[in-house]
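Worksheet for the structure shown next.
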Amino acid sequence: MDKAYDHKKVEQRIYERWEKSGAFVPEVNPGGEPFSIILPPPNANAPLHFGHAMYVVEDILIRYHRMKGDKTLWLPGADHAGFETQFVYEKQLQKEGKSRFDFKREDLYKNIWDFVQANRPIMESQLRKLGFSLDWTRKKFTLDEDIVKIVYATFKKLYDDGLVYRAERLVNYCTFDGTSFSDLEVVYEEQKNPLFYIKYGPLVLATTRPETKFGDTAVAVHPDDKRYQKYIGKEIEIETVLGKAKIKVVGDGFVDPNFGTGVVKITPAHDFDDFEVAKRHNLPLKQVIGFDGKMNEKAGKFQGLYIKQARSAVVEEMRKKGLLEKIDENYIHRIALCYKCKNPIEPLPLEQWFVKMKPLAAPAINAIKAKKIKMYPTRHTQTTLQFLENIKDWNISRQIVWGIRIPAWECSDCDEWTVTAGENPKSCSKCKSLIINQDDDVFDTWFSSSQWPFATLMTTGNDNDFKTFYPTSVMETMYDILLFWVARMIMMGIYKTSEIPFKDVVLHGMVKDPLGKKMSKSRGNVIDPLELVEQYGADSVRFALVYGTAFGNDQALSYPKLQATRYFANKIWNIGRFIIEFKPERYSKKISGKDREILGKTEDLARCVSESIEKYRFHDAAEALYEFIWHEFADKYVEEAKTRREVSQIVLEEVFSTLLKLLHPFMPFITEEIYQKLSPGKPLIIEKWPHFAKATRGKQSFARSSKDESANEKK
RNA sequence: GACCGUUUAGCUCAGUGGUAGAGCGCUUCGUUCACAUCGAAGAAGUCGGGGGUUCAAAUCCCUCAACGGUCACCA
């Protein structure tokens, strides 16, 4: 054996051997209890980031259960990541001086498809380099034909059940990206913007958006506001930048008499509140901003100006006409931004497909409250319930091409929609007209993702997989997509299969840069996990991510910690070297008190590690392993063994072999490599998990209790 | 505005009622015999502030503060 551990000589060779031997497929334990995790599918278009490296905790669970003899499945996949991927692709087009509008729909789709197919293998090889024991024979892609078929069928079922409807509503529209978004994809930012006080005939009102005034169809005041009661229900004459006009005054409780002047302009086509007010008072919708982000013909001479230009132009005109009473320059409010390009989101009226969420949320709420689905750390339960209890209908239409095209056709004769489970309809389902056109839009990528657990297991090619592995045991991902993904999987899973999609939701924290800042491309502080794997070895990176931070908390990437875990790997290597290569002459077959003691403590460690893994307290397990292997086994037992007259090689090897097994889920490569040298034959990955008696030793953590005992010994 | 998280040794962080811990850093010593990627010893903390419960609080309760985050339609 080399004097120091060299991961570069080991990792790839070991991984290939595991994969070829079939160790990753559940059939390796045919008689065991099912244990399954569906890997959150990484975006197919991009290399992995540090969040993905945190999937190491899934590998720990999988390897632990595999060694325990469970029929264990970890199913990998890739996500087409609709808008995200198209966005990346469009950036690339931009560099070439092109835009998506230079291509026909089919060509653009084909190009992105090729782009994704070229990138996907990178991501998959990276998962291998991290040592993840995924069953590659069952890998799925969100655009696989059989997956798409299931997504279509779900949409059809929702439609038939009256849970999907098409309606013209205000949607969150990004005029820069040219698509609408769901509420979750809107981010809010505090900004200081001028608040303009505008004269409306006899009234004055405050607004941040004077350019939308062409879309006003009323003015609202609070019904009890004495100042304005005489106007309610009447029309007032106002002078505008486009000349004289008449406008209705309505009384509505939503108006806060204490804000501004207590008068609000009602612009139903461009404001969510106003849209609701308009519904209550039967006010018309007047759209003055187009989907291109420019003022339309209803804005008169301001037509063609972008929103921001129009705002200053209108303000300037109002100033000239004396319509501007004052400007509050220090007004701070929150404005809606596109989560991706950070430009303002425009509320615009658009016909879209919506999913009625309340009926879907109710059973999900019940499942969580009844503890059929549990969350770790538990604090996330409240967040999820709060979201589900206040849920609104979900806009699932996206105006992009990269995704699953919505299987709905509009009749050009009767305007009725025909929805199918994917097949092309011959004619309109209502009037039988032959002239029908498919919706151009595609599904929100989360709509298909929400079906991932059952969609994958139904399409592995193995008919028993769904029956065997659904509901899955654990859904593990980062907490930032709890609402986007996990909550929706619960709802769609229960809707489609009448069963929960998974039992335990386990959520890891964010890996931040060494200064504790979130990694992001714009900040330029992104660290490639694979570079660290190259430098420190996969085992060290894995262990560093689990060790030293309570599971579920955010952590800053720490180079000292990576170095420490690499030293740890080297320490283990050298313990192995000592036991395997430096056999002194004085070994005996007698088992001494010291031997019995270390055997007992090792059993305690096995219990501690097992219990910690099952409670998703991976950091406890890692710390116990680190402490025991280094400071108990190596520093005390092995050191002392050098000076003893007689040493039991059997105990030495037995304990060490147990330690390798316990450590294997965390550091699979080095443990496998040493294990093969210690006892060539059966791969460690499918060895039996160490046995331990059920009895507990009290509440103290293992690491501490072992320390206390050694302190006592000295006395 | 509501909710959540964090606040413990110089740094990064464990620790949910019973005499304050780890890694890194620092000090001293040792070690040619598995490992200098080693070993032994040590210095270092009013556990954010204040109040309360308890025989006992870093840990439970109340309150305040700072930082981070999530959700919420206020023009």
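Note on naming: letters A, B, ... go to the chains in the order of the sequence lines (proteins, then strands), and numbering restarts at 1 for each one.
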Q) Distance between the P atoms of C38(B) and G25(B), in whole angstroms? A) 9 Å
Q.
Taking only the P atom of each, what is the distance from G51(B) to A58(B) in whole angstrom?
A. 14 Å
Q) If you measure from the P atom in G52(B) to the same atom in U19(B), how many Å do you get, rounded? A) 24 Å
Q: Measure from the side chain of T549(A), starting at C-beta and using heavy atoms only, and say which of C38(B), C35(B), A14(B) lies closest.
A: A14(B)
Q: Please check the phosphate of G15(B) (OP1 and OP2 only) for any side-chain N or O of R617(A) closer than 4.0 Å.
A: yes
**Q.** Nucleic acid contacts - residues 333-340 of chain A versus RNA chain B, non-hydrogen atoms under 4.0 Å
**A.** H333(A), R334(A)
Find every protein N or O atom lying less than 3.5 Å from an N or O atom of nucleotides 31-34 of chain B, and list the pairs.
residue : atom : partner : partner atom : Å
A34(B)  : O2'  : N574(A) : OD1          : 2.7
A34(B)  : O2'  : R577(A) : NH1          : 2.6
A34(B)  : N7   : K642(A) : NZ           : 2.9
A34(B)  : N6   : E639(A) : OE2          : 2.7
A34(B)  : N3   : N574(A) : O            : 2.8

Q.
Using heavy-atom distances to pick each residue's nearest nucleotide on RNA chain B, tell me which of Y626(A) and G516(A) is more 5'.
A. G516(A)
Q) When you measure from the side chain of Q382(A), which nucleotide among G23(B), G15(B), C3(B) comes out closest? A) C3(B)
Q | ring-ring contact (aromatic ring centres under 6.0 Å, His included) contacts in which one or both residues fall within residues 182-215 of chain A, not counting sequence neighbours | A | F214(A)-F302(A)
Q | Cationic N near anionic O, under 4.0 Å, D2(A) to K9(A) | A | yes
**Q.** Carboxylate-amine/guanidinium proximity below 4.0 Å for E673(A) and K677(A)
**A.** yes
Q.
OP1 or OP2 of A22(B) versus the side-chain N and O atoms of H631(A): is any pair under 4.0 Å?
A. no
Q. Can any side-chain N or O of D539(A) pair as donor or acceptor with the backbone N or O of F669(A) at less than 3.5 Å?
A. yes
Q) Phosphate oxygens OP1/OP2 of C38(B): is one of them under 4.0 Å from a side-chain N or O of N570(A)? A) no
Q | Whichever of D620(A) and Q563(A) has its nearest RNA chain B nucleotide further upstream toward 5' | A | D620(A)
Q. H281(A): what forms a ring-ring contact (aromatic ring centres under 6.0 Å, His included) with it, not counting sequence neighbours?
A. none
(Q) Any carboxylate oxygen within less than 4.0 angstrom of a Lys/Arg side-chain nitrogen, looking at E640(A) and K636(A)? (A) no
(Q) My understanding is that a pair needs two contacts under 3.5 Å, Watson-Crick or G-U wobble. By that rule, which nucleotide pairs with U7(B)? (A) A65(B)
Q.
Once hydrogens and angles are ignored, does a donor-acceptor distance under 3.5 Å link the base of C74(B) to the side chain of D256(A)?
A. yes
Q | Shortest side-chain distance from P560(A), nucleotide among G15(B), C24(B), G5(B) | A | C24(B)
Q: Using a 4.0 Å cut-off on protein heavy atoms (strictly under), produce a 5'-to-3' string for nucleotides 65-70 of chain B with B for base contact, S for backbone-only sugar-phosphate contact, and - for none.
A: ------
Q: Could you check whether F387(A) gets within reach of a base, just the sugar-phosphate, or nothing at all, counting any heavy atom under 4.0 Å?
A: nothing
Q: Please check if the distance between the ring centroids of F551(A) and Y616(A) is under 6.0 Å.
A: no
**Q.** Sidechain N-carboxylate O distance under 4.0 Å for D620(A), K615(A)
**A.** no
Q: Give the nucleotide from the list G23(B), C73(B), A14(B) with an atom nearest to the side chain of D273(A).
A: C73(B)
Q) So what's G42(B) paired with, Watson-Crick or G-U wobble, going by both distances under 3.5 Å? A) C26(B)
**Q.** Nearest-Å distance once atom P is located in both C60(B) and G18(B)
**A.** 11 Å
(Q) At 4.0 Å (heavy atoms only), tell me whether V255(A) reaches a base, stays on the sugar-phosphate, or touches nothing. (A) base
Q) side-chain hydrogen bond (donor to acceptor under 3.5 Å, both in side chains) with K265(A): which residues, sequence neighbours excluded? A) T212(A), D216(A), T267(A)
Q) Between A22(B) and K561(A), is there an OP1 or OP2 to side-chain N/O distance shorter than 4.0 Å? A) no
**Q.** Separation of the P atoms in C55(B) and G45(B), to the nearest angstrom
**A.** 31 Å
